[in-house]
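Right, one structure below, let's go through it.
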Amino acid sequence: GDSVTQTEGLVTLTKGLPVMLNCTYQTTYSPFLFWYVQHLNEAPKLLLKSSTDNKRTEHQGFYATLHKSSSSFHLQKSSVQLSDSALYFCALTRNEKITFGAGTKLTIKP
Amino acid sequence: GPKVLQIPSHQIIDMGQMVTLNCDPVSNHLYFYWYKQILGQQMEFLVNFYNGKVMEKSKLFKDQFSVERPDGSYFTLKIQPTALEDSAVYFCASSLGGGSYEQYFGPGTRLTVL
């Protein structure tokens with residue numbers, strides 16, 4: 001079946017530094033990848049999505065590029081802010097089902 | 001943007017009782033979902049629902065679980081009877097279409113089974 005792997009469970013950074021959250025996936029189907037962000041006690045919200053190989057997609061300062069050759073969809077930001085502290089989920093969709101990764105908790109310190 | 005509502009926000013019940021979690025999806029959406037999240041952990045797919053039917057369900061969707069959306073009202077998740085391991089936050093989501101369409105999530109119902 002489909003699977004999504006996020007290798008970092010917890011990332012702590014100082015404000016202003018760059019960040020990359022890793023996401024790799026396995027599927028036998030044509031992949032559609034998402035990044036969702038979940039702030040404390042809130043619902044997950046869509047941050048980015050892509051199904052186009054080697055094309056960078058951006059939103060709210062975050063960006064990611066789907067690389068089918070390496071089955072990856074890493075999330076990056078050049079300068080993190082305090083408000084970026086949240087849980088980030090990479091997810092893969094097939095038909096109407098989303099498979100989520102385990103999530104990465106990002107904590108930004110002043 | 002579009003909002004999904006969930007009622008109640010918290011529910012505490014005794015093991016063995018029945019519980020119904022209610023979801024008010026985005027009005028023109030056609031696909032509905034339930035997810036389970038144990039505190040701070042991975043969101044796990046339970047079930048999706050379209051055109052009055054369950055399309056797909058996961059291994060977590062035990063026989064004690066059922067979903068329905070009678071007459072276009074709330075999309076409900078019923079657990080009967082509940083077990084201790086059902087304690088979690090349950091998120092409802094809806095989308096206009098399947099596949100790559102964005103799913104909009106509700107704020108979740110925190111269920112505690114004692």
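Predicted model, so just to flag it, every value in this text is computed and none were measured. Numbered from 1 within each chain, the chains take letters A, B, ... in sequence-line order.
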Cut-off 4.5 Å, heavy atoms of chain B, and the answer for A/Ile98 is both

Closest non-hydrogen atom pair, B/Gly106 against A/Ala43: O-CB, 2.7 Å

For atom NZ of A/Lys68, is the number of surrounding heavy atoms from other residues, nucleotides or ligands below 6.0 Å larger than 12? yes

Proximity breakdown for B/Tyr35 and chain A, heavy-atom pairs closer than 4.5 Å: side chain

Rounded to the nearest 0.5 Å, the CD atom of B/Gln103 sits from the CG atom of A/Leu46 at a distance of 10.0 Å

Around atom CE of B/Met15, are there more than 12 heavy atoms from other residues, nucleotides or ligands closer than 6.0 Å? no

With a sphere of 6.0 Å drawn around CD of A/Gln26, does it hold more than 12 non-hydrogen atoms of other residues, nucleotides or ligands? no

Residue A/Leu82 excluded, over 12 heavy atoms near CG under 6.0 Å: yes

Heavy-atom contact with chain B under 4.5 Å, split by part of A/Gln6: neither

Under a single-linkage definition using a 4.5 Å side-chain heavy-atom cutoff for Ile, Leu, Val, Met, Phe, Trp and Tyr, are B/Ile13 and B/Leu84 assigned to the same hydrophobic cluster? yes

Separation of B/Phe91 CZ from A/Gln38 CD (nearest 0.5 Å): 4.5 Å

Flag yes if B/Leu60 and B/Tyr90 sit in one hydrophobic cluster, no otherwise; membership is Ile, Leu, Val, Met, Phe, Trp, Tyr, and two members link when side-chain heavy atoms are under 4.5 Å apart. yes

Checking A/Phe32 against chain B: side chain, backbone, both or neither under 4.5 Å from a heavy atom? side chain

Heavy atoms from other residues, nucleotides or ligands near CZ of B/Phe61 exceed 12 (cutoff 6.0 Å): yes

How about B/Lys78: does its NZ atom have over 12 heavy atoms from other parts shown lying under 6.0 Å from it? no

With a 4.5 angstrom heavy-atom cut-off, could you sort out which part of B/Gln37 is near chain A: side chain, backbone, both or neither? side chain

Quick check: do A/Leu87 and B/Met43 have side-chain heavy atoms less than 4.5 Å from each other? no

Checking side-chain contact (heavy atoms from CB on, under 4.5 Å) for the pair A/Glu42/B/Phe105: CA distance, chi angles, key distance, verdict? CA-CA 9 Å; A/Glu42 293 184 12; B/Phe105 285 80; over 6 Å; no

Please check this pair: side chain of B/Gln42 against backbone of A/Phe100, looking for a donor-acceptor N/O pair closer than 3.5 Å. yes

